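Everything on this sheet refers to the single structure shown next.
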Amino acid sequence: MGPFGFAVFFIVIEFWQAVNGSRCNVYKGKWAYDASYPLYNFTDCPFILEQFNCQHNGRPDHLYQKFRWQPTACILPRFNGRDFLQRFRGKRIMFVGDSLSSNQWLSLVCLLHKSTPHAKYTSQRTGGLSTFSFPAYRVSIMLSRNAFLVDIVNGKHGRVLKLNSIGGGQLWKGIDVLIFDTWHWWLHTGRKQPWDYVQDNNVTHKDMNRTVAYEKALRTWARWVNLNVDPAKTKVFFQGVSPDHMNSKDWVDRTANTCVGEIRPLLSGEYLAGTHPAQVILNKVLRSVSKPVHLLDITGLSQLRKDGHPSVFGYRGRHGIDCTHWCLPGVPDTWNELLFAALIQT
C-alpha cells in the first residue's frame, strides 16, 4: 500500500474513478456552466500574484469563472479544503516546475485558505522555494521553482543547461506528494532563454532541437524517480502540458488572433489542433518509469479554455498579452480538483 492507503501500481498514466462498479476517465468530458463557481473570489485570497489576478486588474467579464469540468460518465468531486487538510495532516506537498506550477500552487493555497479563512498560516520564501503552511494541521504546500527540472550551472563561458544532471533533486527527497511540471520554457529564445549552452552527456552545444532536449531532460528526471522515490512514502504526479492560446486557428476562430477578448470555453469537447506534441513526448517518457507516476492529464480539458488566460489583464497590460498562464480563480482550480480526487482515490 502507498503512503495514504493507496494501492501502488507499476505505472499510472490515467486516473480512473470507480463509479457504480464501473470505471470513468475523469479527463474525458466537457465544460458545464455552474452558477456556484468559482470556488473562491480574488478578494478571498490575498496571495494571488498580479500576473494571475485578472479581476483585480480590471477584467470586466465573469462568465469564464462559472464553468466546472464535467466528466462524461461520472461527477468530479467538488474540492473540499477542510477534508484535504485533515487527510494530509502532517504531510508536505511540493510543486516543482515553472510558472505554470506556480499557477497551480497558488490555486491550491487559495482553495485551502478559502476553506479555513480563520486558520493561522505562515508563508515564506527562501531562494527558489516558497512554503505556505497551516500549523494547526502541520500541512505544508511548497513550490520549488525549477523550470527545466534538470540543472543550469554557470560555466567559464556562460550558463549551461545540463540535460543529464539533476542536482535539484536533493530538495525533493522525502516529500510526501510531488507534482512536477516542465515545458513552457523549453521553446524560449533570445533574452528569455536563461542559458547560453546546452550539454548532453559530455558534448556541449550552442543549441539543439528543443523537443529533443526536452525528452532528454524528462528521461533524466525519470531516472531520478526510479532511483530515489520510495512509493511507500512518496506519491508522484506530473502536471500534463498546459496549452497556450496564441493562435486562434487552433480552435477555428478566424475572427481573432490570440486569446484576447475570448469570454467562453469551447463546449464541443473537441480541439482542432489535436494532441499537443509535448504531451506525446511526456506520455512516452512516463511509460518508461518503473515507479508509479500519475499523470494529471490536464492538456485536453485546458485546450478548451481559450477564455481562461490573463490576456491583457495580467500585469494590467504592461507586459503585453499573456495567453499562456491562467487567471485565478480559474482553470488551475480544476487541476486541483483533479489532484484532490486522485489523492483520495482508494
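Note that the structure is a prediction, hence the values are computed from the model and not measured. Atom set for the values below is all heavy atoms of this structure, side chains included, hydrogens, waters and symmetry mates excluded.
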Trp185 and Ser99: side-chain donor and acceptor closer than 3.5 Å? no
Testing Ser144, Ser101, Ser140 one by one against Met94 for a side chain to side chain contact (heavy atoms under 4.5 Å, CB included), which residue passes? Ser144
Taking the six-membered ring for Trp, is the centroid-to-centroid distance between His245 and His309 below 6.0 Å? yes
By the disulfide (SG to SG under 2.5 Å) test, which pairs, at least two apart or in different chains, include something from residues 28-64? Cys45-Cys110, Cys54-Cys327
Go through the steps for Ile175 and Ile93 under the test side chain to side chain contact (heavy atoms under 4.5 Å, CB included), then give the verdict. CA-CA 7 Å; Ile175 300 296; Ile93 298 168; 5.9 Å; no
With a 4.0 Å cut-off on N to O distance, would you call Asp176 and Lys235 a salt bridge? no
Between Thr131 and Arg92, is any side-chain donor less than 3.5 angstrom from a side-chain acceptor? no
So is Arg305 actually on top of Trp31's ring, under 6.0 Å and inside 45° of the axis? yes
When you check the gap from the basic side-chain N to the acidic O, do Asp196 and Arg159 get nearer than 4.0 Å? yes
For Thr211, the side chain to side chain donor-acceptor pair (under 3.5 Å) test, sequence neighbours excluded, returns Asn209
Which atom pair, heavy atoms only, marks the closest approach of Val241 to Gln279? N-OE1, 2.9 Å
Is there a donor-acceptor contact under 3.5 Å linking the side chains of Tyr37 and Asp333? no
Short side-chain donor-acceptor distance under 3.5 Å, Asp322 and Gln51: no
Would Ser36 and Asp34 satisfy side chain to side chain donor-acceptor pair (under 3.5 Å), going step by step from the backbone distance to the final call? CA-CA 5 Å; Ser36 70; Asp34 189 328; 2.6 Å; yes
Sort out for me which residue in Phe84, Phe237, Phe88 forms a ring pair (Phe, Tyr, Trp, His ring centres under 6.0 Å) with Phe340. Phe84
Would one find more than 12 heavy atoms of other residues, nucleotides or ligands at under 6.0 Å from atom NZ of Lys216? no
Decide side chain to side chain donor-acceptor pair (under 3.5 Å) for His62 and Gln55; before the verdict, give the C-alpha distance in whole Å, the side-chain angles of both, and the deciding distance to 0.1 Å. CA-CA 8 Å; His62 299 268; Gln55 291 294 313; 3.2 Å; yes
Check step by step if side chain to side chain donor-acceptor pair (under 3.5 Å) holds for Arg68 and Gln70. CA-CA 6 Å; Arg68 62 173 172 81; Gln70 174 59 65; 2.7 Å; yes
